[in-house]
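Below you'll find the structure, written out as structure tokens, and then a few comments.
Just follow the structure's listing: the first ligand is 1, and inside any ligand the first atom is 1. Starting from 1, each residue takes its place in the sequence as its number. Everything numeric here is computed off the predicted structure, so don't read it as measured data.
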Amino acid sequence: MRRARLGILISGRGSNMLALADAVREARIPNTEIAIVISDQADAAGLVKAQERGIETLVIARRGRQRAEHDREIVAALSAKNVDLICLAGYMRLLSPEFIAAYRDRILNIHPSLLPAFPGLDAQKQALESGAEFTGCTVHFVDETLDGGSIIRQQIVDIHPDDSVDLLSERILIEEHRIYPEVVSLVLESIVGTSIDE
Ligand code: GRF
């Protein structure tokens with residue numbers, strides 16, 4: 001059986017990407033390699049962190065193109081790398097329907113709220129401003145909707161009376177780094193059972 005191949009899309013800091021890389025290295029995501037990390041931002045801090053770990057990186061900037069054209073280039077890069085599963089990790093662009101069709105049920109995302117609550121940008125701020133007593137994070141399949149695909153795993157995080165967006169985000173991030181690798185491992189196991197055998 002060959003190793004499963006992950007493609008990770010980032011736009012910024014890349015801490016979830018690193019959490020996945022650590023889990024791969026420590027075989028908490030077993031029998032897997034990170035085939036490529038792609039960023040739509042040339043200055044994404046996560047790119048350097050990936051390179052420091054010897055992971056191949058690629059910048060595919062939008063350069064004023066339409067979403068569909070930009071996504072076609074990303075899909076071509078992912079398929080050239082024979083990627084089995086794509087993890088969005090702080091990737092700040094919506095995917096085109098063509099991208100999703102090319103990798104249906106093979107694209108995961110992590111979002112810093114208990115979806116369907118607080119989709120979109122600034123989820124932690126939305127949670128604080130709502131007066132909720134708890135929020136959390138969600139790993140879900142990506143479909144054509146904004147943060148609306150099937151939910152795989154969620155983790156609750158309490159909101160403290162004196163919380164700030166930064167403090168809450170930090171506590172949520174700890175849980176993101178824990179559950180994302182667990183879900184990737186589970187999903188890959190099901191893929192391995194069906195189509196990675198050579
Ligand atoms: C995380 O909070 C993730 O849930 C959201 O964007 C943030 C990315 O952080 N989608 P990082 O780049 O993984 O550090």
Nearest-0.5 Å distance, CG of residue L88 to CE of residue M17: 13.5 Å
Residue, atom name and distance, where the atom is the protein heavy atom closest to atom 8 (C) of ligand 1: G90 CA, 3.5 Å
Close N or O approach (G12, ligand 1; < 3.5 Å): no
Geometric N/O contact I110 with ligand 1, under 3.5 angstrom: yes
Heteroatom distance test (E176, ligand 1): nitrogen or oxygen, under 3.5 angstrom: yes
Residues R104, E144: salt bridge by 4.0 Å N-O rule: yes
Straight-line distance of L9 CG to L108 CG, nearest 0.5 Å: 12.0 Å
Min heavy-atom dist G46 to ligand 1 below 4.0 Å: no
L114 CG to I151 CD1 distance, which is reported to the nearest 0.5 Å: 8.5 Å
Spacing of CD1 belonging to I172 relative to NE2 belonging to H177, to within rounding of 0.5 Å: 11.5 Å
Heavy atom of the protein closest to atom 9 (O) of ligand 1 (residue, atom name, distance): R13 NH2, 3.0 Å
By salt bridge (Lys or Arg N to Asp or Glu O under 4.0 Å) - contacts of E133 (at least two apart): none
Heavy-atom nearest neighbour in the protein, as seen from atom 12 (O) of ligand 1, with distance rounded to 0.1 Å: G14 N, 2.8 Å
